[in-house]
Protein chains: 2
Amino acid sequence: MRISKVNKMHNLSKNQQIIFDLIDKSSEPLKAYAILFNVQKKGIKAPLQVYRALDKLVEIGKIHKIESRNAFIACQNSSCQVAKATAFSICEICEKVTEISSAGLSKYLANFKDKDGMKYSKYNLEFFGLCKKCR
Amino acid sequence: MRISKVNKMHNLSKNQQIIFDLIDKSSEPLKAYAILFNVQKKGIKAPLQVYRALDKLVEIGKIHKIESRNAFIACQNSSCQVAKATAFSICEICEKVTEISSAGLSKYLANFKDKDGMKYSKYNLEFFGLCKKCR
DNA sequence: TACACAATGTTATAATATAACATTAACCTA
DNA sequence: TAGGTTAATGTTATATTATAACATTGTGTA
């Protein structure tokens with residue numbers, strides 16, 4: 001069965017798949033050079049190969065970048081197709097990161113208008129605090 | 001009149017003041033090495049001098065870091081003493097950044113609880129879209 | 001004065017990310 | 001299925017962002 005253009009799946013390329021698998025099975029966000037180190041045995045030798053795969057994976061929403069940490073985490077939200085509305089909680093002690101999926105929050109932010117009545121197409125929110133274990 | 005310990009003002013040091021002034025008069029967020037270039041004539045020669053001043057200024061809430069851009073902007077919100085609750089709008093074309101001060105938004109986020117009932121002490125929110133001019 | 005702490009100065013280096021260019025693979029369509 | 005198009009890859013070099021380590025100086029206060 002052919003995949004139609006409209007519903008086109010994001011079939012990952014070789015490098016993209018290797019890097020996604022690594023991030024997906026990681027229990028914590030991974031940094032680009034940690035990824036590089038881990039995939040060198042699979043033939044990915046250069047930073048640029050990693051960054052290109054990361055860029056694509058972010059673009060299609062399979063992973064997200066935690067901006068305050070320069071690290072990447074797999075999308076936890078099965079319905080998230082594009083990286084356009086993301087929220088995370090970050091523990092300042094153990095650095096555990098969790099993707100927040102709250103219908104209320106995302107609705108509130110998607111509808112938020114600034115003073116000029118401006119709405120935004122995209123957002124990223126990072127909460128900081130202490131996780132249950134670290135309190 | 002002496003300044004009491006409790007109400008201590010943040011008297012900026014020489015380097016902190018130089019760097020704050022530069023950021024404060026800038027119409028756009030500044031990157032660390034752009035700052036370095038600009039203050040070399042004032043005797044600040046090394047990246048570390050810049051980063052140390054930036055760290056302190058962020059800590060006391062005089063400036064904020066725009067995480068997605070690795071750039072720094074002066075706090076627009078006169079009541080903001082600490083960098084614990086920040087929100088910005090970022091134009092994806094002209095890169096104009098504005099600090100959002102919305103009582104509704106900050107109240108909503110300050111009171112936001114995740115699925116486990118967890119509240120957070122701090123957050124950073126970045127909205128992306130097109131500014132008035134760029135639409 | 002002298003103690004404590006914050007800030008500075010300096011050199012070196014670590015960590016994060018992109019430029020530029022050549023090549024190969026995958027996909028579509030005529 | 002040939003040929004054009006785009007995405008992905010490989011590779012070397014380099015740009016950008018940030019911190020380590022250590023010595024010194026300034027500042028407030030007991």
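This is a predicted model, so every value here is computed, not measured. Protein chains get the first letters and strands the later ones, always in sequence-line order, with residue 1 at the start of each.
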Ion pair check, Lys122(A) and Glu126(B), cut-off under 4.0 Å: no

Gap between atoms CZ and P, on Phe37(A) and dA15(C) respectively (whole Å): 13 Å

All pairs passing ring pair (Phe, Tyr, Trp, His ring centres under 6.0 Å) where residues 90-112 of chain A contributes a residue, at least two apart: Tyr108(A)-Tyr108(B), Phe112(A)-Phe127(B)

Inter-axis angle, terminal five-pair segments of the helix from dT1(C)-dA30(D) to dA30(C)-dT1(D) [nearest 10°]: 40°

Contact pattern, 5' to 3', of nucleotides 4-17 of chain D - B, S or - by protein heavy atom under 4.0 Å: ----SBBBB----B

Ser102(A): side-chain hydrogen bond (donor to acceptor under 3.5 Å, both in side chains) partners, not counting sequence neighbours: none

Remaining members of the apolar cluster that contains Ile93(B), side-chain heavy atoms under 4.5 Å: Leu130(B)

Atom pair distance, as rounded to whole Å: CD1 in Ile35(A) and P in dT16(C): 11 Å

Partner set under salt bridge (Lys or Arg N to Asp or Glu O under 4.0 Å) for Glu28(A), not counting sequence neighbours: none

Among Asn124(A), Thr98(A), Ile100(A), the one residue meeting side chain to side chain contact (heavy atoms under 4.5 Å, CB included) with Phe88(A): Asn124(A)

Spacing between Gln17(A) atom CD and dA25(C) atom P, to the nearest angstrom: 19 Å

Nearest atoms (heavy-atom pairs only) where Cys75(A) meets Gly61(A): CB-O, 3.4 Å

Flag for Asn77(A)-Ser101(A): side-chain donor and acceptor within less than 3.5 Å: no

